[in-house]
Amino acid sequence: MVETGHFALVLAFALSLVQMLVPLVGARTGNQRLMAVGGPVTVTGFALTALSFAALASAYAGSDFSVASVWENSHSLQPMIYKITGTWGNHEGSMLLWVLILTFFGALVAVFGNNLPATLKANVLAVQGMIGAAFFLFILATSNPFIRLNPAPIEGRDLNPILQDLGLAIHPPMLYLGYVGFSICFSFSVAALIEGRIDASWARWVRPWTLVAWMFLTGGIAMGSYWAYYELGWGGFWFWDPVENASFMPWLAGTALLHSAIVMEKRSTLKIWTLLLAILTFSLSLLGTFLVRSGVLTSVHAFATDPARGVFILCILTLFIGGSLALFALRASRLTAGGLFHPISREGALVLNNLFLTTATATVLVGTLYPMALEALTGGKISVGAPFFDLTFGPLMLPLLAIVPFGPLLAWKRGDVIAASQRLMAAFALAITAMLVTGLFIDGASVFAALGVGLAVWLVVGALTDLAVKSGFGAVPPAAMLRRFAGLPRSVFGTALAHLGLGLTLLGIVGTLCFGTEKILSMHPGETVELSGHTLRFEGLSPRKGPNFTEDRGRFLLMGADGNADGMITSAKRFYPVRQTVTTESGIRTLGLSQLYLSLGDENNDGSVVVRLWWKPLVTLIWGGGLVMMAGAAMSLLDRRLRVGAPAKRRKAAAALASPT
Amino acid sequence: MLFWVIAAILTLGASLAVLLPLTGGMKVASSAGDHDLEVYRDQLSELDRDMARGLIQPGEADEARAEIGRRILRLGATAQPDAAILKPARSAKWVASIAVLAVPLLSWGIYGMLGSPDLPSQPLAERLAKNPADASVDELVARAEAHLAANPSDGKGWDVLAPIYLRLQRFPDAVTAYRNAIRLDGDSAVRQSGLGEAIASAAGGIVSADAQKAFEAALKLDPANAKANFYLAVGLAQEGKKADAVAAWQKMLGQLAPDSPWRSAVRQALAEAGGPAVPDAAPANGPDAQQVEAAQQMSPQDRQAMIETMVAGLDDKLKQNPRDEEGWMRLIRSYVVLGKADKARDALGRAVAAFGADSEQAKKFTAFAASLGVTATE
Amino acid sequence: MTRRQKRMSVILAGLAFLGAAAGLTFYALGQKASYFYMPADLATASVPPGQRIRLGGLVEKGTIMRGQGATVAFSVTDKQKSVKVTYTGILPDLFREEQGVITEGAFGPDGVFVADSVLAKHDERYMPKEVADGLKAKGVWQESTN
């Protein structure tokens, strides 16, 4: 089975070479047969990669230590769920997952792309084939997960304990679905550049892929943030760590792409910019893969510290980014510019959005790469952290968020700001009220906190206003309004949900940062501590044995207002003997939208234990907002506009009769 | 075999995925213009829907409709005669044949370099479930470990496993296993002295306070426990009390049973500690205390004779039971010590024959003999 | 304004915006990035009290002292010089004697480094990169060969 997987991987590599060359030659020479190879080859390549991945997963599930990667990253006593998730909890397996998703998306284009012009489809699949070939080669040459050991060791070296968590089961696949989803947008852009023309259906085709990728990337980032929050035990949800930035940059660029693709689709304008943005977004995804996989960064995520791998990915990076940008420089002038628009219009608002988002992406890029560049050039070591990003990213986001509610209310081509403002009066009034209430009635609220709350309310109510206005609130009778509401295009709901989710996330961030409280103290069993109106009693430590770890559990009794027990919160120090590693399991209790978070420190000599606890108001909204944004993207995907029709059959048949074959 | 069949089927499938479209009928592609027209039509109908819903004003709608109309007109103007259908060029045939051939050649070639086709999958459960007789020591240990993970309070299990760990040089595991055995099945001299040895070995042979404590506990239970006595003396030597150590070892020599495997270890230790030389030619059933005492009182000739008798006894014993690795090595050394090089060579030859010329042991014997200056051939 | 002028003004506004953003970014890089030092580097570099830096090295053996509550004092060393550090909070799981550590904070007026975050290596095979490079440069530490 293992060797079958290995063979399937090699075969998939061979097919990806065919996929990158044959359809491309077909498209250039106009040969239908060569172009037709693309589809079946892509689908078969996906099936083989899936087989290969299944073989690896079954080796992990069955603790087959004759496979080197299983031996290094698994242990027979690990719970089954972590045996399976361990498949992609390491460098080799995660790269295999990467190409699995890549070939999956390629196969989707091959299967559902029948309504695409044949040459476009052939070129898109060829570009996908190039990316696939590069990464298959990378895997086979430097990160082969199927390297065998003979004789097989009898026990493995265990998965890194902080990766033994359910969050790991979901976070990387989602993130990769996002990263790799943008490869389709990239392939469409490069295909358009190769052909030197952009079809009218181009934007309609690219937009759903952008939506899918963006949806998963949003989920992946939110999941990663929540995982870091509860697993690392530091209580933070975002660290501006280079690895986080690596996933955040494609998200920012992808958000810009999402918006510019709307303009392109509706108005056939901003074509060249959208193309460039699609290339940049995937380039940032590749950069993210490079940063995480090359070992350039030292962090939880850097499984690989093999320089050969770093150099190889750097080559892939240079090849694809350099190649596509060079092609862009050569061909962009051939593409026709589109319709004109007034600066104050839906298009204008979306351009503004793009300006802010790409600039924000650039600041994050600078903040992430500058320390590395400085070290490479001068040897000086600096770290760029939250203070830098607060000063640069923050000022860019505030005005952007402030103008978000205007966008959907402006008309295409020529908008009316005053009319839009009038419609947003209610939202504005509510936002000001929220700001004042926060500033005046909540103790210790800073100006920033008041502003933040006001902005969040503005976003949420603004999104709802958009829905109300479009369903004719106040203009038509309630029954008609309901009917119109139900009949609104799904993309309108999608926009509103996404903007609403953004508001919720902002509210969660502001709530946690500005109103959260924190205490560090050492506690003896029986002592109580009070934090923001919640009383906790430390009940003591008790040892417990898990499947592949032992732990000391600290139990804390949450006391209700009436002094009665209101449930137990446990936090633990876990020891994993195989890797001689200690981890902290934080104790979290969700109360409404807020959370009580505590983490256990070291035991003192006198029997007391250091305890750090936080009250995090509205913290769940940070990730809840992410889920709402995902729902918005899913809603937009259901819009019928995205289902591009193929040229009618009748016409095809007529053409077939007319052409002498 | 099964693997090759699967690999062949997979290769065939992959090659067909390339081959079939190349030989299939020419589908007529619709021109790109048709696709564009379809999109514009859809945009027009969407405009109508939006208008019906009141999402856009009639004025805007008219303007948008005019714009889409202009795009359609532009499309008609630029439409060129369909250039997509050309005769398949000769180069296309080349590309097609190379592509079809590349799949099997590349995949089998690369796999040939990277793969290990002969290595079957070895899921742990399967390895543990197979007949114990075929299992390696590691696998047996793993099986025992799995059993103990499920029944951690099986003292007997720990007791069995502990000395195995010791022999496999997994000292920290041995320490844990001995401790568990003692905790669950109670104290015994063997367990305590084993624990001491494990602790000392884990520390690279240093008899630490912990180890010392374990050996002392063992002696309390069985004052004659050889291992504990021996290591305690080692500890004395390590502390610099050489004389005490030598005395302890010599006392041990006096008490040890004649066939005790500890004799040679004690002699070696004595030799290293610079104590009085003790004849090292101990046969399989070494001389007992009286014999040794007797030998010391004997004249050199008599002593030589006695030793030769004992060596001959060993030789006889090995003839009957040739698979005794230790015995053969002792015999070869004895002959060398007695100055009988030809007999030593003969013994080496028989030892190698007993285990087979290619065996691990044969190599060991040859190397061992070579270190004593004996080679198999003149 | 003609259409051309309009377009020009939009482009100029965009460029001005980008320029402002770039300026802000580089200002922030100068102000908000914290430099990484090892104890021996501090002898030559003058770091005024209150300036945020990162200090890395090994936790010196026998210097970990737990004070009142959750405050811990220890010394960070590069085997040439060592610096006293105090930290209030929960130490990372892998904080141990003789192990690599990175602390972030500022010197107090008394010359003691007050850290507000302490990072230790994440697993046995990993040493914070800055610390490893620094120690290698000083010839104190060699990469383990396992």
Side-chain angles (χ1 to χ4, degrees), chain A residues 1-4 6-8 10-11 13-15 17-18 21-22 25 29-34 36-37 40-41 44 48 59 62-66 76-77 117-118 140 144 148 150 152 154-155 199-201 204 268 339 411-413 470 472 484 487 641 644-647 651-652 655-656 659 661, chain B residues 3 6-7 10-11 13-14 17-18 20-22 24 26-30 32 34-40 42 46 53-56 60 63-64 67 71 82-86 88-89 91-92 95-96 99 102-103 106-107 110-111 114-117 119 121-125 138-139 141-142 149:
Chain A
M1 187 62 201
V2 176
E3 289 304 314
T4 308
H6 195 174
F7 184 76
V10 174
L11 204 50
F13 169 60
L15 279 184
L17 291 175
V18 173
L21 291 172
V22 176
V25 174
T29 59
N31 185 316
Q32 293 291 330
R33 281 186 175 136
L34 291 187
V37 169
V41 163
T44 315
L48 289 169
S63 295
D64 185 342
F65 297 121
S66 68
S76 65
L77 295 180
L140 289 173
N144 193 335
R148 303 294 296 274
N150 191 22
I154 201 73
E155 191 50 273
D199 299 280
S201 55
R204 287 197 172 202
S268 312
W412 290 103
K413 241 183 149 177
K470 288 196 171 136
R484 278 174 71 167
R641 186 153 46 90
V644 195
R651 288 168 45 81
K652 253 192 192 169
S659 59
T661 323
Chain B
F3 165 73
I6 295 174
L10 287 179
T11 317
V18 182
L20 288 182
L22 286 173
M26 280 276 220
K27 270 188 287 174
V28 176
S30 44
D34 293 347
H35 285 269
D36 286 3
L37 193 61
E38 200 60 31
V39 174
Y40 296 143
D42 196 54
E46 189 195 338
R53 241 181 251 133
L55 282 179
I56 49 173
E60 282 174 40
E63 215 175 304
E67 191 180 294
R71 283 184 215 148
D82 236 329
I85 299 161
L86 299 171
S91 63
V95 171
V103 173
L106 268 179
S107 56
I110 297 176
Y111 181 79
L114 299 175
S116 327
L119 217 56
S121 299
Q122 302 176 36
L124 195 64
D138 281 343
E139 282 168 354
V141 170

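Below, chain A is the first sequence line, B the second, and so on; all start at residue 1. Given the structure is predicted, the values throughout are model-derived calculations rather than measurements. The analysis underlying the following values was restricted to heavy atoms, covering all of them including side chains, and did not include hydrogens, waters or symmetry mates.
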*Asks:* Does any backbone or side-chain atom of A:T4 lie under 4.5 Å from a heavy atom of chain B? Answer side chain, backbone, both or neither.
*Replies:* both

*Asks:* At a 4.5 Å cut-off on heavy atoms, which part of A:F13 comes close to chain B: side chain, backbone, both, or neither?
*Replies:* side chain

*Asks:* Going through the checks in order, is the side-chain contact (heavy atoms from CB on, under 4.5 Å) test met by B:L124 and A:D64?
*Replies:* CA-CA 6 Å; B:L124 195 64; A:D64 185 342; over 6 Å; no

*Asks:* Sort A:L17 into side chain, backbone, both or neither according to what part of it lies under 4.5 angstrom from a heavy atom of chain B.
*Replies:* side chain

*Asks:* How about A:L48 and B:L10: do any of their side-chain heavy atoms sit closer than 4.5 Å?
*Replies:* yes

*Asks:* Taking B:P117, B:G13, B:A96, B:S107 one by one, which has the highest count of heavy-atom pairs under 4.5 Å against chain A?
*Replies:* B:S107

*Asks:* Do you know which of A:A14, A:A8, A:S76, A:P40 has the most heavy-atom pairs under 4.5 Å to chain B?
*Replies:*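 Highest number of heavy-atom pairs under 4.5 Å: A:P40.
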
*Asks:* Just how far is it from atom CZ of A:R148 to atom CD of B:Q122, taken to the nearest 0.5 Å?
*Replies:* 6.5 Å

*Asks:* Could you give me the CA-CA distance, side-chain angles and deciding distance for A:V22 and B:V95, then say whether side-chain contact (heavy atoms from CB on, under 4.5 Å) is met?
*Replies:* CA-CA 7 Å; A:V22 176; B:V95 171; 4.1 Å; yes

*Asks:* Please identify, among A:L77, A:T44, A:N144, A:V41, the residue contributing the most non-hydrogen atom pairs under 4.5 Å to chain B.
*Replies:* A:V41

*Asks:* Begin with the C-alpha distance, continue with both residues' side-chain angles, and end with the deciding distance and a verdict on side-chain contact (heavy atoms from CB on, under 4.5 Å) for A:L15 and B:V18.
*Replies:* CA-CA 8 Å; A:L15 279 184; B:V18 182; 3.9 Å; yes

*Asks:* What part of A:V25 lies closer than 4.5 angstrom to a heavy atom of chain B: side chain, backbone, both or neither?
*Replies:*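 When you check distances to chain B, only side chain atoms of A:V25 fall under 4.5 Å.
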
*Asks:* Nearest 0.5 Å, please: how far is CD in A:Q32 from CG in B:L22?
*Replies:* 12.5 Å

*Asks:* Let me know if A:V18 has heavy atoms under 4.5 Å from chain B in its side chain, its backbone, both or neither.
*Replies:* side chain

*Asks:* How many angstroms lie between atom CG of B:L114 and atom CD of A:E3, to the nearest 0.5 angstrom?
*Replies:*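 Those atoms lie 10.0 Å apart.
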
*Asks:* So what's closer than 4.5 Å to chain A heavy atoms on B:Y111: side chain, backbone, both or neither?
*Replies:* both

